[in-house]
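Only this structure's heavy atoms are used, side chains among them; waters, hydrogens and symmetry mates stay out. Proteins get letters first, then strands, A, B, ... in listed order; numbering begins at 1 in each.
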Amino acid sequence: MKIFFPLETLDGLNSVLDDRFGRAPFIMIYDTKDQKIVRSEANPFAAQDHGVGVSVANFIIQQACDAAVGNRFGPKAGDILKTAGIKMVDANRSGKETVKDVVHRF
Amino acid sequence: MIIVVASGKGGTGKTLLSTSLALSESNSLYADLDVEEPNGKIFIAPKIEQDQAFSVPIPAIDTDHCAFCGQCAEACVFNAIAIIPSVKSATVYGDLCHACGVCSHVCPVTSAIHITRKEIGRVRSGRRNDTIFIEGRLNVGIPSAVPLIAHVASEASRHSDTVILDSSPGTSCNMVESIRTSDYIILITEPTPFGLHDLELAVQVVKDMGKPCGIVINKSRQQDLIIEDFCQENSLPILLKIPYSLDIQRAYAGGIPLITARPEMKSILRNMLDKIKENR
């Protein structure tokens with residue numbers, strides 16, 4: 001399963017999840033089957049003027065992710081991910097979690 | 001000649017001044033470009049002759065013909081389109097769309113994208129004696145006022161005599177669109193730190209757009225060094241000072257034009273307009 005994470009810090013599996021979705025400073029895609037980080041980089045969409053949610057959702061679909069993790073999903077990102085059948089998983093509900101914390105839940 | 005009254009800070013007196021400017025000058029046109037909260041009508045008190053809806057062109061994708069190639073989404077600089085090939089979904093987000101038409105242009109399939117109209121506001125027009133009145137009013141919930149402002153300004157510019165535009169407040173997109181077609185900009189401010197701060201921003205916008213401007217100080221205390229010093233440093237003419245006075249405030253709050261409360265202002269405003277036209 002390929003999972004998308006919006007991140008506050010970039011530190012491998014210890015990366016902290018950001019409360020924002022589209023404008024998180026870093027992003028990561030993790031493959032639970034191969035148990036490895038597929039992508040880990042600065043979020044190219046973070047500074048976009050408009051439609052960040054749309055861009056990130058489109059990206060997640062293009063990258064063939066099965067799930068996306070976040071504290072909240074905006075109306076457009078949420079709408080697109082839902083239509084595409086990509087699972088949305090809540091995180092950071094009671095404090096900041098790391099990628100490691102969330103991956104354990106899958 | 002098209003003259004716009006703008007400000008940086010809101011509440012400095014754009015409507016106060018612009019409505020009375022229009023009422024002082026015969027055969028002029030007053031256009032309310034503060035489409036998010038138009039209030040000029042209170043002071044002009046026109047008889048309304050037309051009231052029409054205004055709409056913008058928004059593309060819609062017909063999923064029966066769409067190839068789900070994603071080229072439109074790729075081309076859209078506003079990221080307003082989401083294509084999901086796996087579930088044959090193609091959506092245009094109307095509130096992000098700026099109706100530029102690029103999607104339609106790059107689409108490789110005929111009849112996949114067609115244009116629909118989305119109503120975003122209304123335009124009312126009428127007259128009060130020899131003053132023509134136009135107002136744009138944005139519908140609640142619409143994120144971009146710019147197309148409506150552009151439309152009302154365009155309609156106003158068809159008038160052959162003096163046009164007074166009552167700008168949207170602030171210094172971002174709405175104000176830029178409000179001043180874009182004008183020949184001259186009157187920036188009205190108040191002699192306070194907040195007034196000065198936002199005046200500086202407004203002057204920067206005006207300079208970037210290469211338009212001539214003059215300053216009016218409202219709520220003046222006769223000596224308004226905070227603004228006067230700035231104007232002197234930047235070679236900006238002070239066209240007029242409107243006094244900080246309870247009767248003017250009361251009149252405004254009661255929907256009474258400045259030139260009704262202070263009849264001597266009528267010739268003062270006309271002279272100001274004449275000077276602006278002369279120096280063109």
Side-chain angles (χ1 to χ4, degrees), chain A residues 1-7 18 20-27 29 31-33 38-39 41-70 72-89, chain B residues 56-64 66-104 106-107 112-113 118 120 140-147 170-177:
Chain A
M1 183 176 235
K2 279 169 81 175
I3 311 170
F4 172 89
F5 293 92
L7 304 173
D18 200 296
R20 293 162 298 179
F21 189 68
R23 294 200 189 270
F26 304 102
I27 57 174
I29 295 178
D31 188 327
T32 57
K33 193 178 77 154
V38 173
R39 282 184 87 128
E41 62 210 70
N43 181 358
F45 309 106
Q48 221 167 251
D49 284 337
H50 302 282
V52 178
V54 176
S55 297
V56 173
N58 278 336
F59 173 78
I60 291 170
I61 292 166
Q62 264 168 26
Q63 296 290 305
C65 294
D66 306 287
V69 175
R72 73 175 84 90
F73 302 90
K76 296 189 184 73
D79 187 51
I80 295 167
L81 293 175
K82 184 164 166 225
T83 306
I86 291 170
K87 194 168 178 202
M88 283 177 275
V89 177
Chain B
V56 291
I58 301 286
I61 301 175
D62 183 352
T63 48
D64 287 337
C66 176
F68 305 100
C69 64
Q71 283 195 61
C72 55
E74 187 70 38
C76 179
V77 304
F78 304 102
N79 307 298
I81 305 179
I83 306 290
I84 311 172
S86 61
V87 295
K88 291 208 175 355
S89 166
T91 312
V92 176
Y93 288 95
D95 53 349
L96 292 174
C97 172
H98 283 55
C100 72
V102 170
C103 55
S104 192
V106 303
C107 177
I113 299 184
K118 176 181 171 188
I120 67 164
V140 173
I142 301 296
S144 179
V146 169
T171 52
S172 53
C173 299
N174 291 357
M175 178 256 198
V176 171
E177 191 58 43

Just by distance, which donor-acceptor pairs between chain B and chain A come in under 3.5 Å?
residue: B:N79; atom: OD1; partner: A:S55; partner atom: OG; Å: 3.1
residue: B:N79; atom: ND2; partner: A:H50; partner atom: O; Å: 3.0
residue: B:I81; atom: O; partner: A:N58; partner atom: ND2; Å: 3.3
residue: B:Y93; atom: OH; partner: A:D79; partner atom: OD2; Å: 2.8
residue: B:D95; atom: OD2; partner: A:K76; partner atom: NZ; Å: 3.4

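Note that CD1 of B:I84 and CG of A:L81 are 8.0 Å apart. Values are rounded to the nearest 0.5 Å.
Of all non-hydrogen atoms in A:A84 and B:V87, the two that sit nearest each other are CA-CG2, 4.3 Å.
Using a 4.5 Å cut-off between heavy atoms, A:I80 touches chain B through backbone and side chain atoms alike.
Highest contact tally toward chain A, considering only B:P85, B:C76, B:A82, is held by B:A82 [criterion: heavy-atom pairs under 4.5 Å].
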